[in-house]
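A quick note: this is a predicted structure, and the numbers were derived from the prediction, not measured. Lettering of chains follows the sequences in order, A, B, ..., and the numbering in each one begins at 1.
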Amino acid sequence: RKEVEQDPGPFNVPEGATVAFNCTYSNSASQSFFWYRQDCRKEPKLLMSVYSSGNEDGRFTAQLNRASQYISLLIRDSKLSDSATYLCVVRSGSARQLTFGSGTQLTVLP
Amino acid sequence: DVKVTQSSRYLVKRTGEKVFLECVQDMDHENMFWYRQDPGLGLRLIYFSYDVKMKEKGDIPEGYSVSREKKERFSLILESASTNQTSMYLCASTLEWLPDTQYFGPGTRLTVL
């Protein structure tokens, strides 16, 4: 079983739609959680951290459910520029390294 | 702005060749990482280093070695390249006290024929 699992998609949504991505992680010792974004043929970049209480950054909302070992990302009012692959990422305890999911591909259509 | 550079964007090598991939960061980061990225498998950690001359194996170190002689430079070495090492290789770095934000280089697309 993969340590971080995501639905690979692709998700094709019209502009203005709301879309949600889910992710599960298997290591209950995981302490830190993130969403990274990777544009086509580019490197991954940190989108946002995910906090226990849930957090919002503009049109993006991230949620964490430790009991179910589940992370989500909600994008409201999708823009064409949101088209990318979204990577779910976790870090266990004091580990220096991150564990990446294989990503969910989103295409926002005009 | 943090800058992580990789020596080549595209590289084509033959089976059995020794391959060097170089990564340089300019922000005095302690931690550096090498990943490979393959469709459906995501990013997998090959090796990382938290200090000069220090290295730790990641999830898939077989067939690879690394070198960190200077803080800013982290090299990935394929001692004898094989076709199953054809992949996108990404280097990343972080500060020791801020390990959550990894800064990635642009990647090297390696093809082994």
Side-chain angles (χ1 to χ4, degrees), chain A residues 1-10 21-27 29-52 55 57 62 64 71 73 84-106, chain B residues 1-6 8-10 21 23-25 29-51 54-61 66 68 74 87-109:
Chain A
R1 184 186 171 189
K2 286 184 184 176
E3 199 168 329
V4 180
E5 298 219 45
Q6 298 181 246
D7 180 345
F21 306 137
N22 302 319
C23 166
T24 56
Y25 60 95
S26 60
N27 186 349
S30 297
Q31 294 287 332
S32 306
F33 309 90
F34 317 92
W35 286 99
Y36 272 66
R37 170 193 168 128
Q38 186 172 22
D39 293 319
C40 188
R41 301 184 193 283
K42 297 281 192 180
E43 69 274 19
K45 292 184 180 178
L46 177 65
L47 177 66
M48 60 194 300
S49 300
V50 186
Y51 303 119
S52 297
N55 49 298
D57 183 2
L64 168 65
I71 306 158
L73 177 68
T85 296
Y86 291 83
L87 304 170
C88 177
V89 184
V90 305
R91 185 166 66 85
S92 297
S94 59
R96 294 179 174 90
Q97 66 270 36
L98 303 177
T99 301
F100 287 78
S102 54
T104 298
Q105 186 182 339
L106 170 67
Chain B
D1 236 13
V2 176
K3 196 152 175 113
V4 181
T5 56
Q6 294 183 229
S8 307
R9 289 302 302 271
Y10 300 94
L21 302 182
C23 175
V24 178
Q25 48 91 6
H29 285 178
E30 292 84 6
N31 302 325
M32 296 187 75
F33 306 82
W34 274 107
Y35 297 88
R36 61 178 284 176
Q37 186 172 30
D38 301 287
L41 298 176
L43 277 88
R44 292 180 292 166
L45 182 64
I46 304 171
Y47 267 97
F48 67 100
S49 168
Y50 54 90
D51 202 352
M54 305 304 287
K55 62 184 179 185
E56 286 200 25
K57 293 180 181 179
D59 301 317
I60 52 163
V66 290
R68 191 154 179 213
F74 191 34
S87 186
M88 171 66 82
Y89 289 87
L90 288 156
C91 174
S93 72
T94 68
L95 286 165
E96 176 65 17
W97 60 269
L98 194 64
D100 298 337
T101 306
Q102 290 202 358
Y103 295 90
F104 284 85
T108 296
R109 169 72 63 186

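With a threshold of 4.5 angstrom between heavy atoms, A/Arg91 approaches chain B through side-chain atoms but not through N, CA, C or O. Residue A/Leu98 touches chain B through both its backbone and its side chain, counting heavy-atom pairs closer than 4.5 Å. Of the atoms belonging to A/Gln6, not a single heavy atom falls under 4.5 Å from chain B. Both the backbone and the side chain of B/Leu43 come within less than 4.5 Å of a heavy atom of chain A.
Between the CD atom of A/Gln31 and the CG atom of B/Asp100 there is a distance of 11.0 Å, given to the nearest 0.5 Å. Residue B/Gln102 holds its CD atom at 9.0 Å from CD of A/Gln97, rounded to the nearest 0.5 Å. The CD atom of A/Glu43 lies 12.5 Å from the OH atom of B/Tyr103; values are rounded to the nearest 0.5 Å.
Ranked by heavy-atom pairs shorter than 4.5 Å toward chain B, the options A/Pro44, A/Ser102, A/Pro8 are led by A/Pro44.
Judged purely by distance below 3.5 Å, without hydrogens or angles, the side chains of B/Gln37 and A/Gln38 pair a donor atom with an acceptor atom.
Scanning for ring-ring contact (aromatic ring centres under 6.0 Å, His included) contacts around B/Tyr47 gives an empty result, with sequence neighbours left out. Here A/Tyr36 pairs with A/Phe100 under the ring-ring contact (aromatic ring centres under 6.0 Å, His included) rule; sequence neighbours left out.
Remark: A/Arg96 does not engage B/Glu30 in a salt bridge, criterion side-chain N to carboxylate O under 4.0 Å.
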